[in-house]
Amino acid sequence: LFLADYALLDGADTGVGSGGRKRLFAPLALFVSSGPSRELRPVAIQCRQLPAADNPILTPADGNNWLIAKAIVESADGNLHEGSTHLARTHLAMEAFIMATFRQLATDHPLRILLQPHFEGTLAINDSAWKHLVSEGGAVDRLLAGTIGTSRAVAAQGLQTLHVMNDRLPLTFQNRGVDDRETLPEYPYRDDSLLYWDAISEWVNAYLTLYYETDSDVLQDMELQAWGRELAAQDGGRLGGLPSAGAFQNADELTETVTFVLYTCSVQHAAVNFPQADYMTWCPAIPLALYGAAPVSSHGATEADYLAMLPTLDMAELQLEVCDLLGSVHYTQLGQYAHGHFADARVAASLQRFQQRLADVGRQIETRNGSRKRPYRTLLPGSIPQSINI
């Protein structure tokens with residue numbers, strides 16, 4: 001059994017849209033993995049947090065009441081995804097690394113040389129998002145269910161709870177109990193993303209080993225230590241979970257942190273950004289705001305009640321336009337650094353191995369997609385930019 005709990009949204013202030021007062025719920029959704037295929041299926045939803053007579057547990061047997069309950073879960077998921085998973089934990093988290101890198105590492109510092117291509121365009125897109133998406137009256141304010149203050153608070157909470165070491169990719173699956181391939185065999189994001197994590201980790205380790213042969217080399221790099229301190233400082237990046245609170249003690253700590261950065265800038269952002277075009281452009285699939293009350297019983301709702309929950313046509317059109325734009329622009333490709341970017345000739349062999357491994361990952365994913373019930377193309381190598389640039 002797997003539980004998706006949206007308690008973070010409980011009591012959130014909601015805005016007013018063209019359809020009237022918006023609604024945002026904090027549901028609980030129960031899924032089961034069973035049968036020969038172990039396919040994950042939703043089996044129960046409670047639309048609000050507290051048990052009550054007017055807060056029933058709904059199941060697939062409940063007709064239109066179940067349809068409304070599913071819309072409530074998808075709406076909550078869309079709001080949490082956009083504010084926390086996407087904006088906070090990719091765009092904003094990486095901005096902290098960008099600022100510390102340009103402030104603390106010299107232009108010829110080997111770590112800055114490695115990181116810089118993975119930062120291309122991020123400050124520009126973040127600035128544009130602040131002015132046009134998460135501004136008052138902007139697309140987020142109009143589309144999402146919460147007030148702009150609520151949406152910003154969700155983003156702030158997502159960033160404040162980020163823990164760099166605990167949020168390394170393999171641990172995220174373990175922490176959520178979804179790492180067992182026998183219990184949950186069909187989880188393409190997990191299986192494909194881990195291929196990239198391993199490839200990036202190998203590349204980062206090979207690169208950093210050229211410049212940090214011993215742990216003492218890490219400790220004695222004053223620019224690197226200043227970089228780490230700024231990332232963790234309250235008047236700096238304020239990032240949680242950095243190893244040794246940003247005072248890197250050894251090469252392994254540095255490798256884990258840099259792997260986290262490169263992975264987040266490329267694969268993770270691709271995984272949470274580009275499905276906006278695939279799934280979120282169809283408003284009924286993931287309505288970013290709802291306009292009706294949750295069911296108070298397990299029966300009685302009509303199709304008209306369900307349709308009345310959905311956003312108005314102008315909001316559906318805006319959601320299509322915004323999500324299609326954000327989920328369709330691909331610029332650069334992971335592993336394809338500009339010719340001559342690494343002046344150190346010793347890097348060439350490791351880079352070639354990294355590029356070969358990425359090609360192998362692509363072939364593995366294509367093979368997997370041949371037998372998957374639903375092909376997952378989000379993380380094919382050609383679909384993963386080098387940086388967060390959209």
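Here the structure is a predicted model, which means the values were calculated and not measured.
Heavy atoms only, all atoms of each residue included: Phe25 and Ala293 are closest at CZ-C, 4.1 Å. The nearest pair of heavy atoms linking Leu224 to Val218 is CD2-CG1, 3.8 Å. For Ala76 against Pro27, the heavy-atom pair with the smallest separation is CB-CD, 3.6 Å. Across all non-hydrogen atoms, the minimal contact from Cys47 to Ile72 is SG-CD1, 3.7 Å. Across every non-hydrogen atom of Asn79 and Ala145, the tightest pair is OD1-N, 3.2 Å.
The pair Arg112-Glu223 does not count as a salt bridge, with every side-chain nitrogen at least 4.0 angstrom from each carboxylate oxygen. Checked for salt-bridge contact, Arg190 and Asp180 miss the test: no charged N lies under 4.0 Å from a carboxylate O. With salt bridges taken as basic N to acidic carboxylate O contacts below 4.0 Å, one links Arg374 and Glu39. Between Arg363 and Asp360 there is a salt bridge, with a side-chain nitrogen of the basic residue lying less than 4.0 Å from a carboxylate oxygen of the acidic one. Salt-bridge annotation for Arg377 and Asp278: absent, with no side-chain N of the basic residue lying under 4.0 Å from a carboxylate O of the acidic one. Salt bridge present: Arg168 and Glu256 bring a charged side-chain N and a carboxylate O closer than 4.0 Å. Under the 4.0 Å criterion applied to side-chain N and carboxylate O atoms, Arg48 and Asp54 are assigned as salt-bridge partners. Salt bridge annotation for Lys373-Glu186: absent, with no cationic side-chain nitrogen under 4.0 angstrom from a carboxylate oxygen.
Side-chain N or O atoms of Thr59 include none that pairs as donor or acceptor with a backbone N or O of Ala44 at under 3.5 Å. Proximity of a side-chain donor or acceptor of Ser266 to a complementary backbone N or O of Leu334 within less than 3.5 Å is not detected. A side-chain donor-acceptor contact under 3.5 Å links Asp217 to the backbone of Thr214. Side chain of Asn65 to backbone of Ala301: a donor-acceptor contact under 3.5 angstrom is found. Remark: the backbone N or O of Ala277 is paired with a side-chain donor or acceptor of Thr281 at under 3.5 angstrom. Asp305 places a side-chain N or O within 3.5 Å of a backbone atom of Thr302 that can act as its donor or acceptor partner. With His81 contributing its side chain and Val272 its backbone, the two residues share a donor-acceptor pair below 3.5 Å. Although no hydrogens or angles enter the test, the distance criterion places no donor-acceptor pair under 3.5 Å between the side chain of Thr147 and the main chain of Thr14. Checked by atom type and distance alone, the side chain of Asn389 never pairs as donor or acceptor with a backbone atom of Pro385 at under 3.5 Å. Looking only at distances, a side-chain donor or acceptor of Ser193 sits under 3.5 Å from a matching main-chain atom of Tyr189.
For Gln268 and Thr264, the side-chain atoms include no donor-acceptor pair closer than 3.5 Å. In this model, a donor atom of one side chain and an acceptor atom of the other lie less than 3.5 Å apart for Asn273 and Gln276. Tyr376 and Asn369 form no side-chain donor-acceptor contact under 3.5 Å, judged by distance and modelled atom types alone. Of the N and O atoms on the side chains of Thr312 and Ser18, at least one donor lies less than 3.5 Å from an acceptor on the other residue. Residues Trp197 and Thr259 have side chains that never bring a donor and an acceptor to within less than 3.5 angstrom of each other. A donor-acceptor contact closer than 3.5 angstrom links the side chains of Tyr337 and His118. No side-chain donor-acceptor contact under 3.5 Å links Thr255 and Asp252. Looking at Glu95 and Asn126, their side chains do bring a donor and an acceptor atom within 3.5 Å of each other. Under the 3.5 Å distance criterion, with hydrogens and angles disregarded, no donor-acceptor pair is assigned to the side chains of Gln49 and Asn55. In this structure, a donor-acceptor pair under 3.5 Å is present between the side chains of Ser244 and Glu253.
Applying the 6.0 Å contact sphere to CD of Glu213 captures no more than 12 heavy atoms from other residues, nucleotides or ligands. Summarising the local packing, CZ of Arg238 is surrounded by 12 or fewer heavy atoms from other residues, nucleotides or ligands at distances under 6.0 Å. The neighbour count for Arg103 CZ, taken as heavy atoms of other residues, nucleotides or ligands under 6.0 Å away, does not exceed 12. Around OH of Tyr331, the count of heavy atoms belonging to other residues, nucleotides or ligands within 6.0 Å does not exceed 12.
Here the straight-line distance linking atom CD1 of Ile384 with atom CG of Leu380 works out to 8.0 Å at 0.5 Å rounding. To the nearest 0.5 Å, atom OG1 of residue Thr150 and atom CG of residue Leu9 are 9.0 Å apart. Atom CG of Asp167 sits about 7.0 Å away from atom OG1 of Thr172, to the nearest 0.5 Å. Of the inter-residue distances, the one linking Met94 atom CE with Phe119 atom CZ reads 7.5 Å to the nearest 0.5 angstrom. Considering CG of Leu92 and CD1 of Ile388, their distance stands at 9.0 Å, rounded to 0.5 Å. Rounded to the nearest 0.5 angstrom, Glu202 CD and Arg357 CZ are separated by 4.5 Å.
Tracing side-chain contacts under 4.5 Å through hydrophobic residues (I, L, V, M, F, W, Y), one never reaches Trp66 starting from Ile286; they form parts of separate clusters. One hydrophobic cluster holds both Val164 and Leu262 under the rule that ILVMFWY side chains link at heavy-atom gaps under 4.5 Å. Residue Leu169 is grouped with residue Val267 when hydrophobic side chains (ILVMFWY) are merged at heavy-atom distances under 4.5 angstrom, including chains of intermediate members. In the hydrophobic clustering of ILVMFWY residues, with side-chain heavy atoms under 4.5 Å counting as a link, Leu114 and Tyr263 come out together. Met165 and Leu231 fall within a single hydrophobic cluster, where Ile, Leu, Val, Met, Phe, Trp and Tyr are joined by side-chain heavy atoms under 4.5 Å apart, directly or via other members.
In this structure the side chain of Tyr196 reaches within 4.5 angstrom of the side chain of Val361, judged on heavy atoms. Side-chain contact check for Trp282 versus Pro284: some heavy-atom pair is nearer than 4.5 Å. Using a 4.5 Å cut-off on side-chain heavy atoms (C-beta onward), Ile45 and Leu28 make no contact. Contact of the Leu8 side chain with the Leu80 side chain is registered, since non-hydrogen atoms from C-beta on lie closer than 4.5 Å.
Aromatic ring pairs are classed by plane angle as parallel below 30°, tilted from 30° to 60° and perpendicular above 60°; the pair His269 and His91 is perpendicular. Between Tyr207 and Tyr211, the ring planes are tilted. Angles from 30° to 60° get that label. Trp203 and Phe342 have perpendicular rings, their planes meeting at more than 60° on a 0 to 90° scale where under 30° would count as parallel. In this structure, His109 and Tyr212 have tilted ring planes: the angle between them lies in the 30° to 60° band.
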What donor-acceptor contacts under 3.5 angstrom involve side-chain atoms of residues 154-162, with partners at least two apart or in another chain?
from, atom 1, to, atom 2, distance (Å)
Thr161, OG1, Arg89, NH2, 2.9
Thr161, OG1, Gln157, O, 2.8
Thr161, OG1, Gly158, O, 3.3

Exercise. For salt bridge (Lys or Arg N to Asp or Glu O under 4.0 Å), just list the numbers for Asp192 and Arg372, CA-CA rounded to whole Å, side-chain angles, deciding distance to a tenth of an Å, and then say yes or no.
Key: CA-CA 12 Å; Asp192 293 356; Arg372 283 171 171 161; 2.8 Å; yes

